[in-house]
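Structure first, then comments.
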Amino acid sequence: MSSSSAYSQELYIAQLAVQRASILTKRVFHEKAKGTVDKNDKSPVTIGDFGAQALIIAALRHNFPDDAIVAEEEAAQLRTDENLKNTIWDLVRSTKLDDAASEQALGGAIKDADEMLDLIDQGNSTGGNKGRIWAIDPIDGTKGFLRGGQYAVCLGLMVDGDVKVGVLGCPNLPVDDKAPLAADIGSNGTDDEGHGVLFSAVLGQGATSRPLAASSKEQGGRAISMRSIDSLADATFCESVEAGHSAHGDQANIAQKLGITKPSVRMDSQAKYGSIARGAGDIYLRLPVKATYQEKIWDHAAGDLIVREAGGQVTDIHGNRLDFGIGRTLANNKGVVAAPAASHAKVLAAVQEVLNARQ
Ligand SMILES: Nc1ncnc2c1ncn2[C@@H]1O[C@H](COP(=O)(O)OS(=O)(=O)O)[C@@H](OP(=O)(O)O)[C@H]1O
Ligand SMILES: [Mg+2]
Ligand SMILES: [Mg+2]
Ligand SMILES: [Mg+2]
């Protein structure tokens with residue numbers, strides 16, 4: 001550890017935990033049948049989601065035993081499916097960081113398959129605005145992961161409801177912060193040479209990126225910041241791939257109102273937040289499709305902080321900051337509008353015009 005600034009130990013462990021979990025997800029993509037299991041909300045989950053969650057929680061439990069954890073997945077299905085459990089255990093016990101000291105810092109291996117299941121289930125905190133709570137999305141953008149597009153391994157630490165540390169591992173994004181966003185980045189991601197980036201931020205300390213494959217000896221990373229755009233007409237906006245997750249039609253109308261001429265870049269996961277934070281894109285719009293859907297805290301905690309620390313503003317469609325302190329969901333918010341701080345009011349005004357016209 002090179003620095004003793006606030007949350008430096010949490011940042012260090014979070015980065016290593018995300019790096020290790022990303023090794024597992026990449027192995028699943030390349031080595032294993034990725035077959036999905038349907039969750040009760042009809043969304044897909046893979047052995048990668050369960051395995052990555054187990055590894056991250058093991059690292060947190062070893063280092064911060066008293067902290068609460070909110071994580072997306074639960075082990076119930078694995079307890080009744082021996083085969084599935086064993087496949088995941090096989091992956092989890094054989095996934096390690098190359099650097100022995102880093103692996104040691106995470107507490108090393110999980111004891112056995114039953115301990116793995118118990119760890120997965122320790123992500124069941126109800127959240128809230130008291131004390132230290134980690135938010136984990138082991139694979140965000142599971143559909144992107146399956147199609148070889150974008151996905152992210154996401155970890156955030158909230159203290160009294162405020163996000164203090166955020167880390168995003170994006171195995172299929174270019175390492176180069178300046179690489180323009182390819183139009184097909186959401187369907188044609190790759191983790192070949194030159195890909196894999198780790199975004200990080202600590203509240204009040206800025207945001208950084210570094211290669212996901214970097215060893216822990218290369219601490220730090222490059223500072224990243226949002227692009228300062230003179231005219232919104234030149235902006236690039238990012239949105240979900242799934243039309244059911246955000247309203248593509250409304251988003252196109254908003255872009256048109258802002259004079260944006262470039263087509264949107266569609267990609268899954270919090271890779272959208274990372275991409276705008278480093279100026280590869282400029283705006284992330286997520287307008288609600290279903291009025292009843294509540295966004296989950298693990299889908300936004302790390303990205304929200306990384307964008308704000310890179311000079312952006314993140315609100316919901318009503319202009320309110322995302323409220324991470326009321327439970328597992330963002331029940332007080334609807335949608336997401338993320339933009340450079342100086343342009344956010346203008347973007348929000350266009351969002352509201354389009355939404356008002358909708359009613
Ligand atoms: N109906 C609805 N509306 C909004 N959001 C939803 C909805 N259903 C699911 N989800 C969550 O969306 C997460 C992935 O969304 P993304 O925008 O990142 O990617 S995508 O292009 O839409 O797949 C996805 O995260 P993962 O489950 O981690 O992949 C879900 O938590
Ligand atoms: Mg999911
Ligand atoms: Mg998610
Ligand atoms: Mg997920």
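Each residue takes its place number in the sequence, starting with 1.
Under the ring-ring contact (aromatic ring centres under 6.0 Å, His included) criterion, Phe324 pairs with no residue, sequence neighbours left out. Applying the ring-ring contact (aromatic ring centres under 6.0 Å, His included) test to Trp134 and every residue at least two apart in sequence or in another chain returns Phe64.
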Given Lys96 and Glu103, is the salt bridge (Lys or Arg N to Asp or Glu O under 4.0 Å) satisfied, shown in steps? CA-CA 6 Å; Lys96 293 182 170 55; Glu103 182 62 27; 5.6 Å; no
Applying side chain to side chain donor-acceptor pair (under 3.5 Å), run through Thr87 and Asp90 and close with a yes or a no. CA-CA 5 Å; Thr87 307; Asp90 183 45; over 6 Å; no
Evaluate Glu242 against Arg266 for salt bridge (Lys or Arg N to Asp or Glu O under 4.0 Å), listing each step before the verdict. CA-CA 9 Å; Glu242 292 281 322; Arg266 290 183 181 166; over 6 Å; no
Let me see the working for Gln15 and Ser200 under side chain to side chain donor-acceptor pair (under 3.5 Å), right down to the final yes or no. CA-CA 8 Å; Gln15 288 175 327; Ser200 307; 2.8 Å; yes
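With salt bridges taken as basic N to acidic carboxylate O contacts below 4.0 Å, one links Lys257 and Glu353. For Asp234 and Lys262, the salt-bridge test fails: no basic side-chain N is under 4.0 Å from an acidic carboxylate O.
No hydrogens or angles considered: a donor-acceptor pair under 3.5 Å links the side chains of Ser209 and Asp177. Side-chain N/O atoms of Glu295 and His300 include a donor and acceptor closer than 3.5 Å. With no hydrogens or angles considered, no side-chain donor-acceptor pair links Ser187 and Arg147 at under 3.5 Å. For the residue pair Arg61/Gln122, the side-chain donor-acceptor check at 3.5 Å is satisfied. Between the side chains of Asn333 and His318, not a single donor N or O lies within less than 3.5 Å of an accepting N or O. Under the 3.5 Å distance criterion, with hydrogens and angles disregarded, no donor-acceptor pair is assigned to the side chains of Thr142 and Tyr151.
For Tyr284 and Tyr273, the gap between ring centers is short of 6.0 Å.
Atom-to-atom distance recorded for Arg27:CZ and Leu91:CG is 5.0 Å, nearest 0.5 angstrom. Note: Thr329 OG1 to Asp299 CG = 11.0 Å, rounded to the nearest 0.5 Å. Separation of atoms NZ (Lys111) and CZ (Arg93) is listed at 15.5 Å; rounding is to 0.5 Å. Separating the CD atom in Gln19 from the CG atom in Leu24 is a distance of 14.0 Å, to the nearest 0.5 Å. Rounding to the nearest 0.5 Å gives a distance of 10.5 Å between CD1 of Ile133 and CZ of Arg328.
Side-chain contact between His245 and Glu239 is absent, with no heavy-atom pair separated by less than 4.5 Å. Between Ile120 and Phe50, some side-chain heavy-atom pair lies under the 4.5 Å cut-off. Two residues are said to be in side-chain contact when any heavy atoms from C-beta on lie closer than 4.5 Å; Met158 and Ile297 meet this criterion.
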Taking only distance into account, with no hydrogens and no angle test, what donor-acceptor pairs under 3.5 Å do side-chain atoms of residues 164-176 form with protein atoms, sequence neighbours excluded?
residue, atom, partner, partner atom, Å
Asn172, ND2, Gly149, O, 2.7
Asp176, OD1, Lys178, N, 2.8

